[in-house]
J.: 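The structure that follows is given in the form of structure tokens.
Chain A is the first sequence line, chain B the second, and so forth, proteins listed ahead of strands; every chain is numbered from 1.
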Amino acid sequence: MLLDLHARLRDALRSTIRTQWNIDPPEIVLNQTPKIEFGELATPVPFELARLLKRPPQSIAEELIIRVGKIDGVERMEPAGRGYINFFLDRAAVVRGSRLRGYPGDEGKIIVEHTNINPNKAAHIGHLRNAAIGDTFVRILKAAGRKVEVQNYIDNTGVQVADVIVGVKHVERKTLDDVRRLIANRSIKFDYYCWDVYARVASFYEEQDPHYALRAQVLKEIEEGSADTARMAELVAMTIVRCHLRTMSRINVHYDLLPRESDVLHLKFWDYAFRQLRKKEAIFFEKEGKNAGCWVMRLDSDGQDEDKIIVRSNGTVTYVGKDIAYQLWKLGLLAQDFQYTVFDADADVWVTTSGDGQPDHPAFGHGRTVYNVIDVRQSYLQNIVRHGLLALGHEEQARRSIHFSYEVVALTPECAGQLGVELTAEDRKRPHIEVSGRKGQGVKADDLLDALELEAMKEVKQRNPKLTPTETETIAHQIAVGALRYFLLKFTRTAIIAFDFKEALNFDGETGPYIQYAAVRGNNILHKLRESDPGFDFGRIQKMLNNPKLGVYLNESDDIWELVYLALRVDEIGHQVFVTLEPAALAKHAFALAQRFNLFYHRYRIISEPDMDRKLFYILVVDVVREALTKALDLMGIEVPRRM
RNA sequence: GCGCCCGUAGCUCAGAUGGAUAGAGCGACGGACUACGAAUCCGUAGGUCAGAGGUUCGAAUCCUCUCGGGCGUACCA
């Protein structure tokens, strides 16, 4: 594995520097070289040493190379660029080594919390970004041999659920039985119905309940478990959760556990956290001023301007309060535990409950590290949660509580216009328009997926008219997911995605289908080989690894080596994503790999290559690359279609 | 006001930890299907990395300021 090679390089340089000059070695930075003629890796460390040793970097580089001696997997080193050391890898050895994989042992469970959609309306494009990022991160962690638990927190006692209940009861005038009938009606998408109801509530408040008295009342009733309202809220929220999970399963996103906020409350998690926070004086009761009657957390010692309300004056707990308790539980710092019951047996999803759970549930919680995948607008709240942990003295755990933040999905003004958002002349000049769930303005996840599948279906039919309808549908679906997930991952976390149908529905250029296509073509070459030579022994490809000509071929053509090297770097890029929390790096890498592969099979004839050894070498290249493409796609939750 | 993020080709974006000649896609223009399938490939044009200082052997990247833009700073989440 290349990561092992990196470690060997760093170790060798460090120990040589230490013994040679008797100094603490600086951090050994390894860079990719700008061109393959400079080797594969380079370190600028002689520049650092030049400062410490007061000598020209070039001569340090030369001396270091001599002193370091032979490093396993490195063919040679050269000083370059007035002070770099360039490393030229033993190409054949790197290819052989790539077939061996070693993973670190168990370093403790990692909990990744993502999706977390308010269960009061249909999922939209922004939620898809969250899920795509979170799920990709999970896949990368698992591939690296880490133990991962995926949690999708259900905020079923929050204001947003209260609002939709206000809408159902007071705007739509529906009873609990009406709601049951609506849910049973297969021709109605219940999450879509609530989307519209929720959008109508905003104007209802404006006109009929400007002080949000109904919201407060409903919220309180939900929290207290008051019969009718609470039952309706439970039914509405959990029905919508099922809708969300169905939507997410369309893009290959799954969960282990659905922790519910109502259970955090009913099982008194909050009471415990509250007592602790109070004992440590992390929160206190405000007797006067604007926050009179509330329990608040003081974030700024100067005064109450920055105080954050944790318990409202009517006694209900804000989201952060419950989130602190939940975070404590995730880290195994809470004396209590949930009860658990199966939510979806087929998908092996569990849900928390306050009633009798099943005794034989898996061990949930007790994460050593916790990643919360939540958009950047929640940085403030995430900080308060962290503040709470620190106030309780959990410094180590606070360090291991990581806000995996990313920017939101907005709409281009044109797109917003198409969706019926009213825009002023100024709006039209803006780079993006924020989606508003409150106004019902946004792209619903299922609608987008439907549109993508329809578009993909056209393309598949046109290119593969002989496929059965089922096959066509399957492939169209895989392509739709490929396009969508790649689109959501190719932007870096800090980039606001200005959503536009034209771009999202595109299958050409830097897209998921482009990469899928490359993988399909790779597979097809091997299929073709089987067809043209039914007796072909595929074991010969494996044997090519030990053929001395492997090194000769790899060294004679830099273009093929660059392709193979990109393929072998997939694990390294996965590691980079883990360190930098930047899944876009993987997306970009997969695309670059696909590009190089397209170039390769355009430039070289593989099946018709007359020289048998050379042909085997080409086939080995195809095999290595299609395996890497498949893996990179899999890490992004994208499948390789049978045909395209 | 305070805090965070962004500003790179016509457009949308990459350039992790400072490093060698700043790269993709789209769009534009011109080419390549009798070939392992063209959802592909090749070529051309396109840059004062918002601006100004500074640190450094070296800055798109770090620091300061200025100018644009976005978000947060709720008894919403």
J.: Would one find a side-chain N or O of A/Tyr514 under 4.0 angstrom from OP1 or OP2 of B/C41?
T.: yes
J.: Syn versus anti for B/C33, judged by chi lying within 90° of 0?
T.: syn
J.: Look at the side-chain N and O atoms of A/Arg493 and state whether any lies under 4.0 Å from the OP1 or OP2 oxygen of B/C4.
T.: no
J.: I want to verify a distance call: between B/U56, B/A14, B/U40, whose nearest atom is closest to the A/Tyr601 side chain?
T.: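 The closest nucleotide is B/U40.
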J.: Please give me every residue in residues 496-505 of chain A whose heavy atoms get under 4.0 Å of an atom in RNA chain B, ordered by residue number.
T.: A/Ile496, A/Glu503
J.: To the nearest Å, give me how far apart CG (A/Asp307) and P (B/C2) are.
T.: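 Rounded to the whole Å, the gap is 20 Å.
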J.: With the threshold set at 4.0 Å, does a side-chain nitrogen-carboxylate oxygen contact exist between A/Glu40 and A/Arg569?
T.: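 No, no charged N to carboxylate O under 4.0 Å.
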J.: Tell me, what's RNA chain B's dot-bracket, Watson-Crick or G-U with both distances under 3.5 Å, | for other-strand, [ ] crossing?
T.: (((((((..((((.....[...)))).(((((.......))))).....(((((..]....))))))))))))....
J.: Any donor-acceptor pair under 3.5 Å linking the side-chain atoms of A/Tyr514 with those of A/Gln595?
T.: no
J.: Work out how far the P atom of B/A59 is from that of B/A20, and round it to whole angstrom.
T.: 11 Å
J.: Just the rounded figure in Å: distance from P of B/U40 to NE2 of A/His602.
T.: 10 Å
J.: Just how far is it from atom CD1 of A/Ile165 to atom CZ of A/Arg215, taken to the nearest 0.5 Å?
T.: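 It comes to 13.5 Å.
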J.: Tell me whether the side-chain N/O atoms of A/Arg463 come closer than 4.0 Å to OP1 or OP2 in B/A39.
T.: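 Yes, within the criterion.
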J.: Would you say the base of B/C75 and the side-chain of A/Thr318 have a donor-acceptor pair closer than 3.5 Å?
T.: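 When only heavy-atom distances are counted, A/Thr318 does not reach the base of B/C75 through any donor-acceptor pair under 3.5 Å.
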J.: Inspect the contact between A/Glu455 and A/Lys458 and indicate whether a charged nitrogen and a carboxylate oxygen are less than 4.0 angstrom apart.
T.: yes
J.: For A/Tyr380 and B/C4, what is the distance between atoms OH and P respectively, to the nearest whole Å?
T.: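 The distance from OH of A/Tyr380 to P of B/C4 comes to 16 Å, rounded to the nearest Å.
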J.: Of all the nucleotides listed (B/G25, B/G19, B/A77), which has the minimum atom distance to the side chain of A/Val159?
T.: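 So the side chain of A/Val159 is nearest to B/A77.
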J.: What do you reckon, are the aromatic ring centroids of A/Phe536 and A/Phe538 less than 6.0 Å apart?
T.: yes
J.: Can you find an N or O donor on one side and an acceptor on the other, under 3.5 Å apart, linking the side chain of A/Asn291 with the base of B/A74?
T.: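 By the distance-only test, no, there is no pair.
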J.: Between A/Arg298 and A/Glu286, is there a salt bridge with N-O shorter than 4.0 Å?
T.: yes
J.: Please evaluate the base of B/G19 for a donor-acceptor partner in the side chain of A/Asn31 within a cut-off of under 3.5 Å?
T.: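 Side chain to base: no pair present.
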J.: Reckon A/Gln595 has a side-chain N or O less than 4.0 Å from the OP1 or OP2 of B/U40?
T.: no
J.: Grab the CD-P distance between A/Gln516 and B/G37 for me, whole Å please.
T.: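 Distance, rounded to whole Å: 18 Å.
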J.: Suppose you measure atom P in B/G25 against the same atom in B/U40; what distance do you get, rounded to whole Å?
T.: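 Result for the P pair: 10 Å, nearest Å.
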J.: One thing to verify: whether A/Arg626 and A/Asp623 come together as a salt bridge, which I'm taking to mean a side-chain N less than 4.0 angstrom from a carboxylate O.
T.: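 Looking at A/Arg626 together with A/Asp623, the answer is yes, because their closest N to O distance falls below 4.0 Å.
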J.: State whether A/Glu407 and A/Arg129 are salt-bridged, where the test is any N-O pair (Lys NZ or Arg NE/NH1/NH2 against Asp/Glu carboxylate O) under 4.0 Å.
T.: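 A salt bridge is absent here (no side-chain N lies under 4.0 Å from a carboxylate O).
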J.: Please state whether the phosphate of B/A77, meaning OP1 or OP2, lies under 4.0 angstrom from any side-chain nitrogen or oxygen of A/Asn118.
T.: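 So the side-chain polar atoms of A/Asn118 never come under 4.0 Å of the phosphate oxygens OP1 or OP2 of B/A77.
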J.: At less than 4.0 Å, is any side-chain N or O atom of A/Tyr319 found next to OP1 or OP2 of B/A77? Yes or no.
T.: no
J.: Does A/Arg603 place a side-chain N or O at less than 4.0 Å from the phosphate oxygens OP1/OP2 of B/C42?
T.: no
J.: Quote, to the nearest angstrom, the C1' distance that separates B/C62 from B/C75.
T.: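 Comparing C1' positions in B/C62 and B/C75 gives a spacing of 42 Å.
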